[in-house]
Protein chains: 2
Amino acid sequence: MPPTYSISAVAKASGLSVHTIRAWEKRYGVTNPERTDTNRRKYTLGDIERFRLLRQATENGHSIGMIAELSTEELQNLDNTAEVQNPLASNRNYLAACLQAMMNLDADALEEALSHAGIVLGIDRFLSEVVVPLLKELDSGWEERRISIAQEHLASAVLRTQLEKARLTIQVPSHAPRILVTTPSGQLHEIGALLAAISAARHGWNVTYLGPNLPSDEIAAAVAKTHSNAIGLSLVYPADDPLVDSELLKIRELLPTTPIIIGGRVISHYRQTIQAIGAHIITDDHSLKQLLRSLS
Amino acid sequence: MPPTYSISAVAKASGLSVHTIRAWEKRYGVTNPERTDTNRRKYTLGDIERFRLLRQATENGHSIGMIAELSTEELQNLDNTAEVQNPLASNRNYLAACLQAMMNLDADALEEALSHAGIVLGIDRFLSEVVVPLLKELDSGWEERRISIAQEHLASAVLRTQLEKARLTIQVPSHAPRILVTTPSGQLHEIGALLAAISAARHGWNVTYLGPNLPSDEIAAAVAKTHSNAIGLSLVYPADDPLVDSELLKIRELLPTTPIIIGGRVISHYRQTIQAIGAHIITDDHSLKQLLRSLS
DNA sequence: GCTATTTTGTCTAAATTATGTCCATAAAGT
DNA sequence: ACTTTATGGACATAATTTAGACAAAATAGC
């Protein structure tokens, strides 16, 4: 792994400023990068990872002076055991920036804000503190006519791209259990399904994501073809479509034993059918995690 | 005798300017092309791939001075650590690999094939030699029931991600003319619109992409808000929806002077309306390029 | 509780280096 | 004629370096 990253590249990737990186180096010797012939610092991917861990640790309340000498390995363990949440974290700012960019139909700014949030917050907090609130805001704003269709479309398109980007960074062993994620016929909104796909991947599952609006027989055939161990379905809109009920029943008919996991804003409207087919209901990432663990 | 390429051909294929290519050669010795009897540079396919990798790496945050000395192999492994790429296998049939992966519902393989094709072929050839034929195959295969809905969904989802990825690598100056790309109400397929968005960006336009199925009044409002100089609409399916006709008319009513560019598989079914509102019809990338040039 | 000190992130200034772009001129293709 | 290319040099902007300053926050000492 040849060292090829410039200090600005490290700054972008780690969420620190170039000033801070140099200060930490001078004061605490957190890294000792090679130099070019002309004295420029040359960083490795490992350095980036180290700076990222250091930033997370400092944001969790550790002072940089105390942890600077720790090895990268020790930093990882430290991070796993740190529970101190820093309420000062500026998630509000990201959310506000996203909303403003969306209102202005400024795709570049929205992308910038989301991308930066993903780097600085880490994927878990990015999802729970930015993406989910943003989706809620989209929901309520759309109902109250505060958000136009165009704004919602723009947000969906950019968000989708960023979520896919986040998904690419997750690596899952190929022997892990497999889940098929989609939405049934009649359900056109896919962001919820995409979120579920990322969560499942985060929790160690191989995900086959098939987008929205998939008929029951296709779902069944796809489950067979991909040897999936479970199905994830997202129900967001509309709330009272009898087609959804019948599709759910058909899926259960075609796949009598496959666990079906259902989540989304409008699950309550289909609760009767969901219970009839013995599907699992999830309401948040934590319940999804529990459920997936029990299934694997 | 292997084929060779002029510096301008390399510039087009790699996305660099001829100035930059010569500067990189002079300053960092990134390549050492043979010369003709009259001292013109003669590049090989390998040189083109090297320049392309260098451009991608620089856009990824590496500075050219640091990576110029790396071998082509090291460049390939810089960011795509998992992918082992064989430049000798450039005759590989990407399209076939994509189709097979799609048939097997193997999202990972499809993603791998598309991503690899995008890197090796460059964006233009990737679009014209892989994406467009794949879309045509999807179309015909779907009509002939050779391809299931699940397979089509999978292909759409993965393709969309790869296209978005490709779009991110295109950089356009912010003062460039602006085009809004979407599909009108009733048109749910978005891949064509995404393709058009990429083409427009390739031809130097700032693109605001708003996804499929956008009502006419929203389109008009978005054009005003983003100060767009033109509208791009994609019509792929369905072929005979009176809603599309009325939406097109409404758009023209709301925006009497904005150029409207329309393309897609089913434009012939709406030809009368398209002519009535004085919209431009494009049939391929070349005609789009011509048209955009005349508008800017 | 209240200073004094240390820690820490941020910032400035000035010099150096990096990098994309451009020019002028000559030569070669078309 | 017009375009493309080669060469060497010039330029402007951006990035990086070092040394040090500064203010807010945390910590220590009393």
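Here is the naming used below: chain letters follow the sequence lines, and residue numbers restart at 1 for every chain. As a basis for the values below, the full set of heavy atoms in this structure was taken, side chains included, without hydrogen atoms, waters or symmetry mates.
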Subject >> Closest heavy-atom pair and its distance - B:D285, B:S199 >> reply: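 That closest heavy-atom pairing would be OD1-OG, 2.8 Å.
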Original post:
Shortest non-hydrogen contact from B:A197 to B:R167?
Top reply: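 Answer, listing the atom of B:A197 first, then B:R167: CB-CD, 4.3 Å.
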Original post:
If you measure from CG on B:L53 to CD on B:E74, what distance do you get to the nearest 0.5 Å?
Top reply: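 Going from CG on B:L53 over to CD on B:E74, the span is 12.0 Å.
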Subject >> Set of residues satisfying side-chain contact (heavy atoms from CB on, under 4.5 Å) with respect to A:E111, sequence neighbours excluded >> reply: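 Only A:V158, A:Q162, B:L168 meet the side-chain contact (heavy atoms from CB on, under 4.5 Å) criterion with A:E111.
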Subject >> Salt bridge flag under 4.0 Å for residues B:E25 and B:R41 >> reply: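 A salt bridge links B:E25 with B:R41.
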**OP:** Give one of base, sugar-phosphate or nothing for B:R41, where a contact means two heavy atoms less than 4.0 Å apart.
**Re:**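 Counting heavy atoms under 4.0 Å across all strands, the contact made by B:R41 is with sugar-phosphate only.
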Original post:
Base, sugar-phosphate, or nothing: which does B:R35 touch, judged by heavy atoms less than 4.0 Å apart?
Top reply: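 Touches sugar-phosphate only.
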Original post:
Are the side chain of B:T31 and the backbone of B:P33 linked by a donor-acceptor contact shorter than 3.5 Å?
Top reply: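 No, B:T31 side chain to B:P33 backbone: no donor-acceptor pair under 3.5 Å.
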Please report, rounded to the nearest Å, how far the [atom2] atom of [N] is from the [atom1] atom of [X].
X	N	atom1	atom2	answer
A:L16	C:dT8	CG	C1'	13 Å
A:I21	C:dC11	CD1	P	14 Å
A:H62	C:dT7	NE2	P	18 Å
B:I67	C:dA18	CD1	P	14 Å

Original post:
Excluding sequence neighbours, so at least two apart, what forms side chain to side chain donor-acceptor pair (under 3.5 Å) with B:E129?
Top reply: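 Only B:R125 meet the side chain to side chain donor-acceptor pair (under 3.5 Å) criterion with B:E129.
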Scan nucleotides 28-30 of chain C against the protein and return all N/O pairs shorter than 3.5 Å with their distances rounded to 0.1 Å.
from   : atom 1 : to    : atom 2 : distance (Å)
C:dA28 : O4'    : B:R40 : NH2    : 3.0
C:dA28 : O3'    : B:T38 : OG1    : 3.3
C:dG29 : OP1    : B:T38 : OG1    : 2.9

**OP:** Name the first nucleotide and the last nucleotide along DNA chain D (5' to 3') that come under 4.0 Å of a heavy atom in chain A.
**Re:**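 Extent of the interface on DNA chain D: D:dA15 to D:dA21.
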**OP:** Please check if any side-chain donor atom of B:T208 sits under 3.5 Å from a side-chain acceptor atom of B:R178, or the reverse.
**Re:**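 There is such a pair between these side chains.
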Original post:
Cut-off 3.5 Å, side chains only: do B:H286 and B:Q290 have a donor facing an acceptor?
Top reply: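 B:H286 vs B:Q290: donor-acceptor pair found between side chains.
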**OP:** Return the set of residues passing salt bridge (charged side-chain N to carboxylate O under 4.0 Å, His left out) with B:R22 (not counting sequence neighbours), or none when no residue passes.
**Re:**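 By the salt bridge (charged side-chain N to carboxylate O under 4.0 Å, His left out) rule, B:R22 matches no residue at all.
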With the criterion being N/O to N/O and under 3.5 Å, what pairs connect the protein with nucleotides 19-25 of chain C, and how long is each?
from   : atom 1 : to    : atom 2 : distance (Å)
C:dT19 : OP1    : B:I64 : N      : 3.2
C:dT19 : OP1    : B:G65 : N      : 3.1
C:dT19 : OP2    : B:Y28 : OH     : 2.7
C:dT19 : OP2    : B:G65 : N      : 3.2
C:dG20 : OP2    : B:W24 : NE1    : 2.5
C:dG20 : N7     : B:R27 : NH1    : 2.8
C:dG20 : O6     : B:R27 : NH2    : 2.7
C:dT21 : OP2    : B:S17 : OG     : 3.3
C:dT21 : OP2    : B:T20 : OG1    : 2.9

Original post:
Crowded around A:K12 NZ? As in, over 12 foreign heavy atoms under 6.0 Å?
Top reply: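 It does not: A:K12 NZ has 12 such atoms or fewer within range.
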